[in-house]
Amino acid sequence: MGFSILWNICRFSSRSFSSKIMKYLNVAEKNDAAKGISAILSRGASNRREGFSQYNKIYEFEATVIGVKSQMVMTSVSGHLLNYAFHPSFRNWTSCNPVELFDAPIEQVCMEESKNIKKTLEREIRSCDGLIIWTDCDREGENIGFEIIEVCKDVKPNIRIFRAKFSEITGPSIFRALNSLEQPNKNVSDAVDIRKELDLRTGAAFTRLQTLRLQKVFPGKLADKLISYGSCQFPTLGFVVDRYLSIENFIPETFWKIKMNHKVKDLTTEFLWGRDRLFDKNSCEAILDICKESNVAKVDSVDSKPKSKWRPLPLDTVEMEKNISRKLKINAKNAMKIAEKLYTQGYISYPRTETNIYPKELNLVNLVEHQTNDTNWGPFAQRILNEGGPTPRVGKKSDQAHPPIHPIKHAPGLTGQEKAVYEYIVRHFLASVHKDAQGYETVVIVDIADEKFTAKGLIILEKNYLDVYIYEKWLGKEINNYEVGDTFTPSTLDLAEGNTSPPKLLTEAELIALMDKHGIGTDATHAEHIDTIKTREYVGLHENTYFVPGTLGMGLVEGYNNIGLQVSLAKPVLRAEFEKDLKLICEGLKDPEIVKREQIERYKAVFQTVMDKILEIDNSLANRLDDRPVPIQNEALTPQDSSRPVMKCPKCGGNMIFKNRKNGVGKYLSCSRYPECKNSGWPSTIIDGVEVLDEHCQNCGPATKKVKMKFRQNPFVGGPNPTILCIGGCDMNVLETLEIALSTVKRSNEEVTSTHANNYRIHENRPSINVNRNVQNSQRINGNRTPRTLPNVMPVTNRNNSMNNFRNANPVNVHGSGNSADNIFCQCDNPADLRTTANGPNKGRKYYKCANSVCNFFLWAPNSSSTPSTSTSSSNNANTTVQCKCNQPAKELTVMKNNHNHGRKFYSCSKPQPGKCDFFKWADEVNENQPTDDNGPWGGGGGGGVSNNWSRSREIGKSKKNNTNHRTKPYQNNKPKVKRKCGICGEEGHTRTRCPNS
DNA sequence: GCAAGGTC
């Protein structure tokens with residue numbers, strides 16, 4: 001060929017797998033495996049230096065791909081690269097109503113442990129023209145393949161993609177795959193995507209609901225419990241509960257049978273009655289009487305034939321877990337952990353397999369030979385070879401990827417449980433490739449008065465595999481010699497009474513078998529699900545062997561059962577039906593989107609039913625936990641009511657919702673699209689609860705809902721608590737009291753008021769005036785704004801009384817001349833530059849900007865024509881008219897406390913203590929309450945658009961920060977307002993949050 | 001803090 005194509009073969013699952021493929025390819029193409037391996041180690045070391053996992057190696061070699069001799073690069077992944085996660089704004093447990101998780105946006109994120117693998121793929125694919133996926137040929141493997149494709153296509157969108165399909169990891173299989181490359185199967189991958197999404201949504205929604213609610217309903221017993229739900233763990237719990245209930249509800253019945261023995265010398269042959277047993281004593285007695293009357297048994301038949309006890313099938317994961325649990329008393333979770341370790345040490349093959357057929361290419365002789373030196377089973381291994389073995393038994397299952405579990409090499413140095421597990425795997429392997437045990441069975445049937453009785457004898461002829469497989473017994477049974485036609489008198493012919501007995505509690509082996517049968521979990525995850533329900537204390541172990549439901553598990557399952565769902569969450573049915581749909585997607589017979597929608601709706605409907613009847617779960621748990629449930633109002637239980645959208649986000653169009661503060665105390669208003677949109681409002685008062693009502697605000701429109709708020713200390717003194725109000729901006733008093741900036745809740749061009757004054761700092765005698773949380777947030781939100789999108793704002797500054805002016809929004813002349821910036825400071829706290837717009841619709845217009853272009857500060861300079869020319873000091877000219885409650889001239893004072901009112905002037909009784917009255921009034925409000933004409937307090941009434949609406953709104957709302965932007969639509973609020981009083985000093989004009997006396 | 005799946 002005239003050119004070579006650089007391919008990238010990716011094998012994904014395990015190190016040994018890629019080494020193996022590498023080995024086969026290398027041997028075939030170069031016939032020089034040793035050299036290839038050496039090169040691999042060299043690259044591996046290099047990767048380690050770069051911080052990559054040693055398993056994330058790069059292999060380079062030549063191979064022929066679609067008829068072209070190509071340079072190949074090979075690397076591996078390790079399971080899924082990506083994982084679904086909720087959008088960050090839904091990750092906090094109290095960020096939303098759990099039911100929203102069925103529709104909440106989700107995204108794919110690269111797991112931390114996979115980041116280096118992803119980097120390797122991104123790096124290597126750059127030099128490649130094609131990509132061959134070598135992941136396991138099962139559903140998950142196909143999905144992992146698409147994750148790799150996604151990562152690689154992000155770097156190289158036009159990369160050619162192929163899929164290697166193989167039935168086992170052997171040389172011929174690998175070459176067959178390489179010579180018949182296919183395309184990855186999107187249907188199969190889609191099915192897994194839906195499985196992943198549904199598991200995430202249902203798991204998170206139900207887990208949050210259960211945990212958040214039950215912790216509160218049973219604070220004494222469940223306060224610190226994580227009460228999880230999962231589509232696998234709950235059916236697993238269901239199996240345990242079902243068995244327990246069948247025992248609990250079991251009613252024993254008495255039965256009777258006829259017992260017949262025949263003793264010759266010292267040997268007693270036991271005969272079993274053909275009818276086994278009867279539940280009617282009289283009938284049984286009647287038959288016995290007839291038999292006794294005859295009292296002679298005649299031999300009807302004697303059948304003797306060889307009988308085998310089959311050697312075990314090649315070992316798959318489920319069998320291994322069951323047997324190790326049963327025979328070695330090591331639980332499945334530990335067994336898997338140990339097997340994993342043995343695998344990574346190279347002692348055994350991959351322990352997660354569904355295959356019970358040895359691949360033809362697997363060199364069984366070699367594997368047996370490895371064991372011949374062992375002191376315990378070495379002789380047996382040799383015997384296999386001597387007797388023409390190995391002769392493997394053949395099962396019916398194959399996962400198309402991994403062989404049955406088998407030992408790779410002899411491991412004499414192991415101890416403890418590792419030794420026991422390894423020994424089991426070796427003995428199972430040797431047994432599976434030897435011979436069935438051979439015996440000789442004799443079945444004798446005798447007749448007494450037309451009643452048949454049977455005896456069975458067994459002689460063990462060859463134990464064969466049983467010699468090594470010490471976990472099974474096959475006992476012979478000796479009986480007397482009988483010939484057809486013989487007669488004898490029974491030694492015993494009696495009535496025996498017995499009772500039916502309940503089933504036993506489930507063992508782990510039985511539980512795994514049930515999970516396997518019903519398709520709950522995979523071979524790799526059965527043990528984990530069992531472990532989960534133990535960790536959650538849903539179940540416990542009786543005598544370290546039998547699973548018994550705990551009170552929590554029992555109460556939960558009974559609660560769900562009592563809700564009357566069509567299909568209980570604790571049954572495997574929902575999952576099984578989902579599986580059916582997934583199969584149809586894989587086969588291309590169902591649209592994945594339709595299945596997803598249907599399944600999500602199905603689970604969502606179940607969720608809503610559970611919510612409606614949640615008291616059933618409370619009651620069941622109360623009964624099982626023997627605890628009194630704390631009555632919980634549905635509204636107060638979960639954050640669903642506070643997490644409903646209050647209004648549309650004015651910045652991005654998302655939803656504004658209330659969230660809990662991180663410290664757990666109080667709430668704040670946030671855009672649901674955080675972190676993309678950082679719009680937020682931080683009420684200064686502690687809000688213990690918010691319920692977003694269905695009722696919308698008549699003033700703000702249908703998208704803005706009224707809210708019922710419960711305050712820790714009601715800032716609306718004298719008002720109800722909880723209280724219903726609108727925070728959509730129609731009532732400035734509400735926003736002001738809660739310290740929510742208007743711009744947080746309303747688009748700036750909708751209202752006359754704006755908080756953009758908060759976007760900059762005004763320098764005065766002190767370094768800067770207060771910048772509260774709103775200011776900071778506002779700065780962040782508007783950080784990237786461009787001049788074009790910013791509304792007009794009017795800077796306010798007054799060196800002599802800047803606080804009052806700022807609070808009063810009294811505009812002060814800031815001309816577009818060189819020294820104007822003296823009083824305008826950017827977010828870096830440096831004097832801002834005054835500049836002129838060069839282009840666009842605002843050409844010629846002046847604005848302020850960070851002089852050093854460090855921060856994003858931006859502010860239009862006021863037009864001289866529209867800017868009032870003089871400053872009005874609000875307080876100084878009014879003080880002489882203010883009288884206190886003693887009818888004395890009040891004294892003007894300045895807030896010295898270092899809070900947001902620092903520097904603000906107010907009036908107080910001029911008398912010294914004691915004798916001083918409790919009169920209090922802000923100086924600026926005295927001024928404000930003076931009769932004003934339509935020109936407002938600005939006096940100019942020129943082109944600035946300062947209207948009486950604005951002044952009135954300030955009179956009502958006392959806006960102290962939202963002081964500008966009066967060129968936009970005026971704030972309208974003609975509703976009569978009640979004057980609020982301070983909760984501390986009782987005076988009007990300020991709230992407790994700003995009380996100078998606090 | 002949540003699932004189940006992959007995996008070293």
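Below, read A as the first sequence line, B as the second, and so on, with proteins coming before strands; counting in each chain starts at 1. Note that the coordinates shown come from a computational prediction; the quantities given were computed from them, not determined experimentally. Both backbone and side-chain heavy atoms feed into the values below; hydrogens, waters and symmetry mates do not.
Using a 4.0 Å cut-off between a side-chain N of Lys or Arg and a carboxylate O of Asp or Glu, A:Lys583 and A:Glu587 do not qualify as a salt bridge. Comment: A:Arg352 does not engage A:Asp399 in a salt bridge, judged by the lack of any side-chain N to carboxylate O separation of less than 4.0 angstrom.
A:His529 has a side-chain polar atom (N or O) that falls below the 4.0 Å cut-off from OP1 or OP2 of B:dG5. Residue A:Thr522 places at least one side-chain N or O closer than 4.0 Å to OP1 or OP2 of B:dG6. Within the structure, every side-chain polar atom (N or O) of A:Tyr343 is placed at least 4.0 Å from both OP1 and OP2 of B:dT7. Within the structure, a side-chain polar atom (N or O) of A:Thr525 is placed less than 4.0 Å from OP1 or OP2 of B:dG5. For B:dA4, the OP1/OP2 oxygens have a side-chain nitrogen or oxygen of A:Gln233 closer than 4.0 Å. The phosphate of B:dA3 (OP1 or OP2) has no side-chain N or O of A:Arg575 nearer than 4.0 angstrom. Applying the 4.0 Å criterion to OP1 and OP2 of B:dT7, one finds that A:Arg352 has a side-chain N or O inside that range. Contact annotation: A:Thr532 does not reach the phosphate of B:dA3 (side-chain N/O to OP1 or OP2, under 4.0 Å). OP1 or OP2 of B:dG1 has not a single side-chain nitrogen or oxygen of A:Arg536 nearer than 4.0 Å.
Ring stacking holds between A:Trp93 and B:dG1, with the centres under 5.5 Å apart and the planes within 30 degrees of each other.
Using a 30° and 60° split on the angle between ring planes, A:Phe239 and A:His518 fall in the tilted class, from 30° to 60°. Using bins of under 30°, 30° to 60° and over 60° for the plane-to-plane angle, the ring pair A:Tyr229/A:Phe206 lands in the tilted bin.
Listed nucleotides: B:dG5, B:dA3, B:dT7. Nearest to the side chain of A:Asp199: B:dA3.
Summary of the strand contacts: A:Gly203 and A:Asp523 both lie near DNA chain B, and taking for each the nucleotide with the nearest heavy atom, the more 5' one is attributed to A:Gly203.
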